[in-house]
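These notes concern the structure reproduced below.
Because the structure is predicted, anything quoted here is derived from the model rather than measured.
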Amino acid sequence: MCSVMRRAQPVRLALALLCRANISEGSSYAPAEHRHFSPGLCAPVLPLRAALRAHCTRMARAEGLLFRQLFDRSSCTYTYLLADTDTKEAVLIDPVLETLGRDMMLIKELGLTLKVAVNTHCHADHITSTGLMKKQLVGMKSVICKLSGAQADLFVKEGDKIPFGRHCLVVRETPGHTDGCMTLVTGDESMAFTGDALLIRGCGRTDFQQGCSKMLYESVHNKIFTLPDSCLVYPAHDYQGQTVSTVGEERRYNPRLTRTLEEFVDIMNNLNLPKPDKIDIAVPANLVCGVHQV
């Protein structure tokens, strides 16, 4: 019996390593050494294993809602695809220029009709693909908050709804990182796409692009933390391999936003972060919907 057990140990080890590899393959995280750290996280980042896939097939809570969480390794940006499973009408949130081909292929493979592509704000760390995407998808419209100062086909404001099939996203203006930041909440308030306003255990920085720490604090507390505790939080970025949080978790454990307003402002005023690598090209490009002359 002992000899049988000894022979079984290498097999168990091999199976364990195989399972671990399969879990890693389903991840959508970039290795730490290839990341750019800029919009507001100052904690050290532990190395993560390189991912083979750049998307997550996490299921949405709402019935009849298709959901994909996509990842750009170079900017650590999340792009979100939502669609009605019956009508096939879809919405894309925060698309990135470098992953245009991937996103277009996925939309085609799933047989979707992309109605709109939405930017949660005028990004400083990557160029949006909405401008080029419009040229390839007839009838698609670009969307951004009216207060952003950027160009788009459609401008939205507080309380507006972005419909797709039987579903919709409701706009909540959440300025502070920029004037034009907005959070998009599903109609049943089960999911919130928070852009750079609220990150997982963090938040967007406030030291450029009309940033205001006081405004950001009030936006998060009044517009996001008032959602149900169970509402899933999907940010525009993550630098530590986290994919999703909840409103309840962030309200209790976010190390910045659980502080008083005065403490929060002091923290944000003393981050001393370098400016995003692409800000000088990304902001001008995104002000014209990502279509620009290089």
Side-chain angles (χ1 to χ4, degrees), residues 22-30 51-120 123 126-144 152-154 156 161-171 183-195 231-238 242-244 289-290:
N22 287 338
I23 292 172
S24 296
E25 182 182 349
S27 166
S28 59
Y29 316 138
L52 299 182
R53 281 193 229 161
H55 67 88
C56 169
T57 57
R58 185 185 305 280
M59 296 301 294
R61 287 180 174 176
E63 184 178 353
L65 179 64
L66 179 148
F67 172 58
R68 296 292 184 269
Q69 183 181 36
L70 305 147
F71 189 65
D72 170 53
R73 291 181 174 88
S74 63
S75 62
C76 292
T77 299
Y78 283 123
T79 297
Y80 300 99
L81 177 66
L82 298 94
D84 186 301
T85 56
D86 292 330
T87 67
K88 302 297 184 179
E89 292 182 345
V91 173
L92 193 66
I93 301 173
D94 288 336
V96 177
L97 182 61
E98 286 79 3
T99 58
L100 174 62
R102 176 204 66 189
D103 297 344
M104 294 286 289
M105 181 179 294
L106 181 59
I107 290 166
K108 181 179 179 181
E109 288 174 346
L110 297 176
L112 304 177
T113 300
L114 187 62
K115 291 189 64 181
V116 297
V118 189
N119 286 299
T120 55
H123 303 278
H126 70 270
I127 298 174
T128 179
S129 66
T130 49
L132 291 181
M133 192 174 290
K134 287 191 296 182
K135 296 182 178 182
Q136 300 184 34
L137 294 175
V138 177
M140 190 211 91
K141 303 292 184 183
S142 60
V143 180
I144 201 164
D153 297 313
L154 301 171
V156 292
K161 295 182 179 180
I162 302 172
F164 55 104
R166 82 189 86 166
H167 307 284
C168 72
L169 295 171
V170 182
V171 175
T183 291
L184 303 171
V185 183
T186 54
D188 62 358
E189 297 189 347
S190 66
M191 307 167 78
F193 302 91
T194 57
C231 179
L232 298 173
V233 170
Y234 288 102
H237 299 281
D238 191 83
Q242 302 163 113
T243 58
V244 63
C289 203

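Annotation: side chain of Arg102 is in contact with side chain of Leu70 (closest heavy-atom distance under 4.5 Å). Considering only heavy atoms from C-beta on, Asp84 stays 4.5 Å or farther from Leu65 through its side chain.
Between Tyr78 and Phe71, the ring planes lie tilted relative to each other; the angle falls in the 30° to 60° range. The aromatic rings of Tyr234 and Phe193 lie parallel to each other, their planes meeting at an angle below 30°, with 60° marking the opposite boundary.
With hydrogens and angles disregarded, no donor-acceptor distance shorter than 3.5 Å links the side chain of Ser129 to the backbone of Met133. Distance alone, capped at 3.5 Å, places no donor-acceptor pair between the Gln69 side chain and the Tyr80 backbone. Looking only at distances, a side-chain donor or acceptor of Thr79 sits under 3.5 Å from a matching main-chain atom of Asp94. Between the side chain of Glu98 and the backbone N or O of Asp72, no donor-acceptor pair lies under 3.5 Å.
Atom CG in Leu81 sits 5.5 Å away from atom CG in Leu106 (nearest 0.5 Å). Note that CE of Met104 and OG1 of Thr99 are 11.5 Å apart. Values are rounded to the nearest 0.5 Å.
A salt bridge links Asp153 with Lys134: the distance from a Lys NZ or Arg NE/NH1/NH2 to an Asp or Glu carboxylate oxygen falls below 4.0 Å.
The minimum heavy-atom distance between Asn119 and Pro95, with the atom names listed, is OD1-CD, 4.0 Å.
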